[in-house]
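Just passing along the structure, written as structure tokens.
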Amino acid sequence: MSESHADDREADSVLRTRLLRGARESLHDALAVLLPVSCSGCGAVDRAVCALCRAALVPAPRRVDRLGLEIWAGVEYAGAAASVIGAFKDGARTDAAPALVPALRAALFAALVTVRIGVPVEVCTIPSTSEARRARGYVPVEVLLGRCGIRTAPVLALARDRADQAGLDAEERRRNAAGGLVAGPLVRSRRWFGRPHGEHPAPLAGRRFLLVDDIVTTGSTLAEAVRALAASGGETVAISVLAETPRRFPRHAGTSRETLRDIAAQGGYGGRTGVVDPPFRTG
């Protein structure tokens, strides 16, 4: 192929890309007239997530350490990113999901880079309470994983009802989380009714898991999930979250009540899982 033909093909490709982008924007504008919408992050009109808020959600995978766990997060839970995530989780803004998927996908890839090849890795998530599922009508992290083309293994369940953790410091939250989850080959309802008599004491032996959650703050939820999986013979080989809440005072974050108040002041963390880290509610 001559150099001029190659240049022509490249020019055609650029033109097609621009035409498609223009058509997509025109379609969005038309839909905005028929079905008015505002940005889930800042309230700007005509887009579920505006360009400026999308910029805050550009994947920036980073490793964070909580309670001795190595966790990969896609973005920082702050500013516009926190607003969009909160709206998606607790504001019924499922139309924001497409903007959040790239950050979670990037965190998944980053976590799996360090995992040895060989034994298959399954994905599991932290279970929500039945109350939260009814209130939302969906499980946020499962929605995002579904958009990544990932089906999860229903191996974690709530062992008991949980008290609201609002107002607890990090140590009290860790104690409150202890024993809150169980693991095994469970039904999709994620409710625990005990193991049948005679079942193998390590039903997950030989199975490896990538543990996924939406937001990590102190890490007590994830630590409890790792413990529950290990108690049933499973191995947690990697952990990914959509976003991590930055710690204002890292050296004292494990015990400081002030740290949790500062985190809470950043915005509405939509924590409705049963064993959770949120500064606000745990329902």
Side-chain angles (χ1 to χ4, degrees), residues 39-42 48-50 52-67 69-112 123-126 128 132 136 138-148 150 152 165 170 173 210-223 225 238-248 250 253 259-260 262-273 275-282:
C39 175
S40 55
C42 66
V49 181
C50 72
L52 288 176
C53 289
R54 280 183 179 273
L57 293 166
V58 171
R62 77 286 307 278
R63 196 189 86 172
V64 298
D65 297 308
R66 298 287 193 276
L67 301 180
L69 301 177
E70 180 180 300
I71 304 162
W72 284 91
V75 294
E76 184 177 279
Y77 185 79
S83 297
V84 175
I85 294 169
F88 169 66
K89 288 192 63 174
D90 290 321
R93 291 299 301 269
T94 54
D95 54 345
L100 299 173
V101 167
L104 180 59
R105 184 185 289 121
L108 297 174
F109 287 160
L112 289 173
V123 175
C124 67
T125 59
I126 307 295
S128 296
R136 290 191 180 112
Y138 58 96
V139 179
V141 72
E142 297 278 357
V143 170
L144 297 181
L145 287 170
R147 284 181 168 269
C148 292
I150 296 173
T152 60
Q165 297 201 110
R173 289 147 71 92
L210 166 59
L211 179 60
V212 182
D213 203 5
D214 41 33
I215 305 170
V216 61
T217 305
T218 66
S220 57
T221 302
L222 294 169
I239 304 174
S240 295
V241 296
L242 169 62
E244 62 106 1
T245 302
R247 296 183 294 182
R248 297 287 184 87
T259 299
L260 295 179
D262 288 341
I263 291 171
Q266 294 181 19
Y269 180 99
R272 289 192 181 186
T273 52
V275 187
V276 293
D277 296 328
F280 302 133
R281 58 189 178 278
T282 65

| query | Does any pair with a residue in residues 95-108 pass salt bridge (charged side-chain N to carboxylate O under 4.0 Å, His left out), and if so which ones, sequence neighbours excluded? | reply |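 Listed once each, the pairs are Arg93-Asp95.
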| Nearest atoms (heavy-atom pairs only) where Ala107 meets Ala73 |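 In this case the closest contact between Ala107 and Ala73 is CB-C, 3.9 Å.
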| Distance-only, no hydrogens or angles: does the Arg66 side chain make a donor-acceptor pair with backbone N or O of Thr217 under 3.5 Å? | yes
| message | Just to verify, what does Leu112 make a side chain to side chain contact (heavy atoms under 4.5 Å, CB included) with, not counting sequence neighbours? | response | Val115, Val121, Leu210
| Can you list every side chain to side chain donor-acceptor pair (under 3.5 Å) pair that touches residues 78-88, not counting sequence neighbours? | none
| request: Return the set of residues passing side chain to side chain contact (heavy atoms under 4.5 Å, CB included) with Ala97 (not counting sequence neighbours), or none when no residue passes. | output: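 Ala97 satisfies side chain to side chain contact (heavy atoms under 4.5 Å, CB included) with Phe88, Val143, Leu144, Arg147 only.
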| task | Look only at the side chain of Ser40 and the backbone of Ala48, and say whether a donor-acceptor pair between them is shorter than 3.5 Å. | result | yes
| task | Take Leu57 and Val84 through the test side chain to side chain contact (heavy atoms under 4.5 Å, CB included) and record every step on the way to the result. | result | CA-CA 9 Å; Leu57 293 166; Val84 175; 3.9 Å; yes
| Non-hydrogen atoms of Cys39 and Cys53 that approach each other most closely | SG-SG, 3.6 Å
| message | Here's a test for you: under side-chain contact (heavy atoms from CB on, under 4.5 Å), which of Val139, Val123, Val141 qualifies with Thr152? | response |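 With Thr152 as partner, side-chain contact (heavy atoms from CB on, under 4.5 Å) holds for just one option, Val123.
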| Below 4.5 Å, heavy atoms only, C-beta onward: do Leu222 and Ile71 meet side chain to side chain? |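 Answer yes - side chains close enough.
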| For the student: nearest non-hydrogen atoms of Val75 and Ala56, plus distance |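 So the two residues come closest at CG1-O, 4.5 Å.
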| query | Can you tell me how far CG of Leu104 sits from CG of Asp213, rounded to the nearest 0.5 angstrom? | reply |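 If I round to the nearest 0.5 Å, the distance is 10.0 Å.
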| task | State, with a plain yes or no, whether a side-chain heavy atom of Trp72 is found less than 4.5 Å away from one of Val241. | result | no
| query | Among all residues two or more places apart in sequence or in another chain, which pass the side chain to side chain contact (heavy atoms under 4.5 Å, CB included) test with Ala225? | reply | Ile126, Leu156, Leu181, Leu211
| note | CG (Leu242) and NZ (Lys89) are apart, to the nearest 0.5 Å, by 9.0 Å
| said: Run the side chain to side chain contact (heavy atoms under 4.5 Å, CB included) test on Leu52 and Cys42 for me, step by step, so that the C-alpha distance in whole Å, both residues' side-chain angles and the decisive distance to 0.1 Å come before the verdict. | reply: CA-CA 9 Å; Leu52 288 176; Cys42 66; over 6 Å; no
| query | Going from CD on Glu142 to OG on Ser128, what distance comes out if it is rounded to the nearest 0.5 angstrom? | reply |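 With rounding to 0.5 Å, CD (Glu142) is 8.0 Å from OG (Ser128).
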| request: Apply salt bridge (Lys or Arg N to Asp or Glu O under 4.0 Å) to Arg63 and list each qualifying residue two or more places apart in sequence or on a separate chain. | output: Asp65, Glu70
| From CG (Leu108) to CG (Leu145), nearest 0.5 Å |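 One finds 6.5 Å between CG of Leu108 and CG of Leu145.
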| query | Leu67 and Ala223: which non-hydrogen atoms are nearest, and at how many Å? | reply | CD1-CB, 4.1 Å
| task | Report yes if the side chains of Ile85 and Tyr77 come closer than 4.5 Å at any heavy-atom pair, otherwise no. | result | yes
| So do Val212 and Cys124 actually touch side chain to side chain, heavy atoms under 4.5 Å? |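 SC-SC contact between Cys124 and Val212 ruled out.
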| request: Please tell me if the side chains of Glu244 and Ile215 come closer than 4.5 Å, counting only heavy atoms from C-beta onward. | output: no
